[in-house]
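Contents: one structure, followed by commentary.
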2 protein chains.
Amino acid sequence: MATGRTHRPATRSRGIPEATVARLPLYLRALTALSERSVPTVSSEELAAAAGVNSAKLRKDFSYLGSYGTRGVGYDVEYLVYQISRELGLTQDWPVVIVGIGNLGAALANYGGFASRGFRVAALIDADPAMAGKPVAGLPVRHTDELESIITDNGVSIGVIATPAGAAQQVCDRLVAAGVTSILNFAPTVLSVPEGVDVRKVDLSIELQILAFHEQRKAGEETTQPAATPSRPGAHARAAAGAGSRKGPDGDVPAVMPA
Amino acid sequence: MATGRTHRPATRSRGIPEATVARLPLYLRALTALSERSVPTVSSEELAAAAGVNSAKLRKDFSYLGSYGTRGVGYDVEYLVYQISRELGLTQDWPVVIVGIGNLGAALANYGGFASRGFRVAALIDADPAMAGKPVAGLPVRHTDELESIITDNGVSIGVIATPAGAAQQVCDRLVAAGVTSILNFAPTVLSVPEGVDVRKVDLSIELQILAFHEQRKAGEETTQPAATPSRPGAHARAAAGAGSRKGPDGDVPAVMPA
DNA sequence: GTTTGTGAACAGTTTCACAGCT
DNA sequence: AGCTGTGAAACTGTTCACAAAC
């Protein structure tokens, strides 16, 4: 998923489709790996396989960037790496702050892929005074009091929130007030931000729940639904309904997963 | 987002749209909060605001589950909590293993929201023998050798991979061979899995790159942007020449392949 | 009067299949 | 021959707007 509220009204007459943007990093990673193995060119078929998509989609995606391939040959790896990097804005350096240096914040700070491409951890910030000064991933943790000055002094426009849910909105507000316009939120909360600020969220429990949904489908084709449905407070059981009303709490029994 | 799911022709004639499934956990979280405040009913408008979506979408989403609201009134909170939980498969318990107990794995193990709803950490697994037996989040870390027996003994069908990228595919293969059919992958790699296995991935650096894309765009379109554009690493000389050969945003220049 | 549930219109995304370049 | 680039078709997802239910 993506941006919280406040997304441009898809006024994308001149832009790249959002779905394509979301795949460019994937292509870039695959291309970087090829580049490191000194592979000079790659076909849409090969690159698509490496990125885990199909080749028609990949070609369509690239067509939004320009005609960067050569018919009968494929794509030049180095050239594509550069073009995609530029398109994603990775030819410049993005200072990032991480707020909330608990288990997760520390993990993020230590994450190598962070610095590797365009991003630089400008500061680690935590509300706990006991954390202040302690080094994490080679950086001293700074106290929340310094948040605003850190942001302005470093020209930070991207913030990562790894605090408990209860603190997230407040931290978000302060980040935004200080000038941050893109936020990556790991806290399990819906953040509200003013127009013009992008929010992306990463949420473990949502991902697990989506997996559970599909898992249940796989298992439950014949194994029934457990338990009974508690009666509905305001309404009557509509379970009867021979026609029309296609829904109902009972099994949906779709023909899914053909072996 | 981003199921790396194996290509299924979406045989879902009678199922719930994927986009809807992905939002159900969001609704559930908002409803749970209302439930804890003993709010008895909620309108689509209110609930939508709490979940960060618009009300038409929410009503459409719920319509796939059934007619669970009351016109003129709204939705009964407790009843909806139950229905969504059941739909997501959270009325049963899902044992989960986490493989790779580094910074991130430990963070995940400690994540409270894990156990809170339907999920239970059955085991923490790491390849480092020095880790074996050490308690993390109250559980002793087990060695990778035990992976298969842990999976089968506990009937684990959901696995979380938090290993380095290099180990992820191998771990994935072992998980799948042992019976896991849903995987949440935190390693920055494309996993390949057999038909019938679901993969979802969470990738920090992809999220950041997407943010950078939009951030760059903000800086470009309107005026402003307080400098904050440090050095450029190894930008190619052609940078000034415009985007590419096609009808890009600006000048059209014949394709230039780098030597 | 209020609010749901939903067909219909619209928008975005993926896939197909092939023309056109190398 | 091989492979890209892209219109058109097919599909999925979102928004609109209003009749039906309370």
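Order of the sequence lines fixes the chain letters, A, B, ..., with proteins taken first and strands second; residue numbering starts at 1 for each chain. Note that the structure is a prediction, hence the values are computed from the model and not measured.
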Are any of B/Y64's side-chain N or O atoms less than 4.0 Å away from OP1 or OP2 of D/dT12?
no

Nearest-angstrom distance from the residue atom CG of B/D61 to C1' of C/dT6
13 Å

Okay, side chain of B/E45, backbone of B/S55: is any donor-acceptor separation there less than 3.5 Å?
no

Estimated bend of the helix from C/dG1-D/dC22 to C/dT22-D/dA1 (axis per five terminal pairs, rounded to 10 degrees)
0°

Side-chain donor-acceptor pair present, A/T20, A/D61, cut-off under 3.5 Å:
yes

Just checking B/Y75: base, sugar-phosphate only, or nothing, at a heavy-atom cut-off of under 4.0 Å?
sugar-phosphate

Once you round it to whole Å, what is the distance between P of D/dT4 and CG of A/D76?
13 Å

Roughly how many Å is it from CD in A/E46 to C1' in D/dG2, rounded to a whole number?
12 Å

Atom-pair distance (CD on A/E45; P on D/dT4), nearest Å:
8 Å

Side-chain contact check for A/S67: nearest option of D/dT4, D/dG13, D/dG5 is D/dG5

A/S44 side-chain N/O to D/dT4 phosphate OP1/OP2 under 4.0 Å
yes

Respond yes when some side-chain nitrogen or oxygen of A/R23 is under 4.0 Å from OP1 or OP2 of C/dT14, and no when none is.
yes

Just so I know, are the side chains of B/D76 and B/L80 near enough to count as touching, which here means a heavy-atom distance under 4.5 Å?
no

Atom pair CG (A/L90) and CZ (B/F213), whose distance is rounded to the nearest 0.5 Å:
11.0 Å

Quick one: OH on A/Y75 to CG on A/L58, what's the gap to the nearest 0.5 Å?
6.0 Å

How many Å lie between CG on A/L80 and C1' on D/dC3, as a whole number?
14 Å

For the residue pair A/E87 and A/L65, what are the closest heavy atoms and their distance?
CG-CD2, 3.7 Å

With sequence neighbours left out, what residues match A/R59 under salt bridge (Lys or Arg N to Asp or Glu O under 4.0 Å)?
none

CD of A/E18 versus C1' of C/dG12: gap in Å, rounded?
11 Å

Is there a side-chain contact between A/R217 and B/V21, using heavy atoms and a 4.5 Å cut-off?
no

Here the distance between atom C1' of D/dC3 and atom CZ of A/R71, to the nearest Å, is 9 Å

Identify each atom pair where a protein N or O and an N or O of nucleotides 15-18 of chain C are less than 3.5 Å apart, giving names and distance.
{"from": "C/dT15", "atom 1": "OP2", "to": "A/N54", "atom 2": "ND2", "distance (Å)": "2.5"}

Using heavy atoms to find the nearest nucleotide of DNA chain C for A/G72 and A/A19 separately, return the residue whose nucleotide is more 5′.
A/A19

Using whole Å, report how far OH of B/Y68 lies from P of D/dC22.
17 Å

Over all atoms of both residues, closest heavy-atom pair of B/A168 and B/T189
CB-OG1, 4.1 Å

